[in-house]
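Shown next, in structure tokens, is the structure this report addresses.
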Amino acid sequence: MSELRFEELRGEQVAYAIHRQERTFLPDRDHCPLCPTRPGGPVTEIPVAAFEIAVFDNRFPAFEAPHGAAEVVVYTDKHEGSLGTLAPERAEALMWVWRHRYMELGARADVDYVFIFENRGVEVGVTLHHPHGQIYGYPFLPPVPAREIAADERLGGCAPCKLLGDELADGRRVLVETDAVVAYVPYAARWAYEAHVVLRAHRASLLHCEAAELHALASVLQTLVRGYDALFERPFPYVMAVHQAPTGADTHDGHLHVEFYPPLRTADKLKYLAGSEQGAGTFISDTLPEESAAALREAIDRAG
Ligand SMILES: [Zn+2]
Ligand SMILES: [Zn+2]
Ligand SMILES: [Zn+2]
């Protein structure tokens, strides 16, 4: 059972999920719990011999009913690969799975915020290499989406709409553009290769998207991840965060977008959150977003 405690100095919740210490840690591929259960082989988390996309409750949940949810989303029954290398139809199907989980979890009275995310790479604490993401249903509105709502109020309208307009007008940091979706390195990127993938139309969530928009979203996410991998010719670690409208009773609007926070600042150097970032909350970056965007655009071209 998790316990929530409120940290008064920062005004934010901390979740204690001590059972998570027993999690499976980087098993070899013969003992991967996210692989299908092969006939005669060990029983994994997924008791079938083949599957496309699998969703199940996290066995080591940070949140669980009646105080939230924690789910695992396995992208494929193939152990190798990534979001970038999935077949395009599978990546598109993943958008529909995300949409369905947002709808179901968001409808629950104990879930105020549905957060779809992926941690990729040991650099961001991944414990299983099999391509997968996670979904948390928070029983409260967490600080980052709350800050985005505050940005809407500060800017007197939808912040992602305004910021997307600014990025398109400037153009220097734009990475990929389609009719429906744009990816760019934000003007004030905190991470060297941070990127935001934003719906052009104001869509509060995946539920508000048309089928063509989900198709475009999948395609741009894949293009970006392949570009990341081409940048330093190595699998590129990141945290991917899908931001959508909160689902609690105290509802707010939102604007669907996906943020990527990669910890690499060079092929072999990590950005650590240190004194200024942790103690003062101010990121110090040694790369300019315009230069990162140019390098990423070139990598995206190379990856094709
Ligand atoms: Zn596996
Ligand atoms: Zn908007
Ligand atoms: Zn966001």
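Whatever order the structure lists ligands and atoms in, that order sets their numbers, starting from 1. Predicted, not measured: the structure shown is a model, and the values here were computed from it.
- Between the SG atom of C161 and the SG atom of C158, the angle centred on the Zn ion (ligand 2) amounts to 110° when rounded to 10°.
- The Zn ion (ligand 3) has an N, O or S atom of H243 under 2.8 Å away, backbone or side chain.
- Aromatic ring centres of Y193 and Y228 lie farther apart than the 6.0 Å criterion allows.
- The backbone N or O of T44 lies less than 3.5 Å from a partner atom in the side chain of T37, making a donor-acceptor pair.
- When the Zn ion (ligand 3) is compared with the N/O/S atoms of E259, atom OE2 turns out nearest.
- Taking the N/O/S atoms of H257 in turn, the shortest distance to the Zn ion (ligand 3) belongs to NE2.
- Checked against the 6.0 Å centroid threshold, F283 and W191 count as a close aromatic pair.
- You'll find the side chain of Y138 stays beyond 4.5 Å of the side chain of Q13, heavy atoms only.
- Heavy atoms from other residues, nucleotides or ligands lying under 6.0 Å from CG of D179 number 12 at most.
- Distances from the Zn ion (ligand 2) to each N, O or S atom of H202 single out ND1 as the nearest.
- Side-chain atoms of Q222 do not come within 3.5 Å of backbone N or O of S219 as any donor-acceptor pair.
- Sorting the N, O or S atoms of E148 by how far they are from the Zn ion (ligand 3) puts OE2 first.
- In this structure, ND1 of H130 and SG of C35 enclose an angle of 110° at the Zn ion (ligand 1), rounded to 10°.
- The name of the N, O or S atom in H255 nearest to the Zn ion (ligand 2) is ND1.
- Checking H79 against the Zn ion (ligand 1), an N/O/S atom falls under the 2.8 Å cut-off.
- A donor-acceptor contact shorter than 3.5 Å links the side chain of H255 to the backbone of L199.
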